[in-house]
Amino acid sequence: MAPPTPQEHFDGVWMPRRDLFYKLTWLAVGGAVVSAAAAAVRMLFPKVFFEPPMKFRAGVPSDYQPGAVSERWKKEWRVWMVRTEKGLFALSATCTHLGCTPVWLEAENRFQCPCHGSAYTPEGINVEGPAPRPLERFRITLDRSGQIVVDKRRVFRQEWGEWNHPESILRL
Ligand code: FES
């Protein structure tokens, strides 16, 4: 038998060309099957981004005393519920300077940011420190059962004249 040509070597083992062809074919078919299976598995788990919920029920209007700031939803939702003589609104607890969380100082009747000293009135107007604008308010509505619904996806900004929007405050 003639010595094998270089093309007849595969992994250092001599084999006829036909065997080499079959092995390479099966290797290609196996690779395609594995790729197709991986694609099918990927389709079972689509790339979905789960965002935290932005909407919550906040009780009923009688839960909130006139002239008071409620911190009931601050920890979980970063929202204060404020009831003034104009109505009830959901105020963002995110400082408009660099995003720290202010604290409510009832004795001083204002919100104070611990980071750089910005202060806001109970309505959310910035009155001191580097905060460039008032706090934001979120959409507040009543559902059919009379429950308050706060939707943080809709923001109302005072400097854009949006605090006059009917969904920025519940007139009680
Ligand atoms: S982040 Fe509130 S004053 Fe700077």
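Whatever order the structure lists ligands and atoms in, that order sets their numbers, starting from 1. Positions are given from 1 along the sequence. Excluded from the calculations below are hydrogen atoms, water molecules and symmetry mates; all remaining heavy atoms, backbone and side chain alike, are included.
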A.B. asks: Which N, O or S atoms belonging to the protein are less than 2.8 Å from atom 2 (Fe) of ligand 1?
C.D. replies: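 Result, waters dropped: Cys95 SG, Cys113 SG.
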
A.B. asks: Decide yes or no on salt bridge (Lys or Arg N to Asp or Glu O under 4.0 Å) for Arg110 and Glu128, but give the supporting numbers first.
C.D. replies: CA-CA 11 Å; Arg110 67 180 187 168; Glu128 203 176 291; 2.9 Å; yes

A.B. asks: Considering only heavy atoms from C-beta outward, does the side chain of Trp104 approach that of Asn109 to under 4.5 Å?
C.D. replies: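 With C-beta onward as the side chain, the pair touches.
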
A.B. asks: Excluding sequence neighbours, so at least two apart, what forms side chain to side chain contact (heavy atoms under 4.5 Å, CB included) with Ser62?
C.D. replies: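 With sequence neighbours excluded, Ser62 shows a side chain to side chain contact (heavy atoms under 4.5 Å, CB included) to Val60, given in chain and number order.
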
A.B. asks: Decide, based on the SG atoms alone, whether Cys100 and Cys115 are under 2.5 Å apart.
C.D. replies: yes

A.B. asks: Which pairs count as disulfide (SG to SG under 2.5 Å) when at least one residue sits in residues 125-172, sequence neighbours excluded?
C.D. replies: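 Qualifying pairs, neighbours excluded: none.
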
A.B. asks: Output the rest of the hydrophobic cluster of Leu98: all Ile, Leu, Val, Met, Phe, Trp and Tyr residues reachable through side-chain heavy-atom contacts under 4.5 Å, sorted by chain and number.
C.D. replies: none

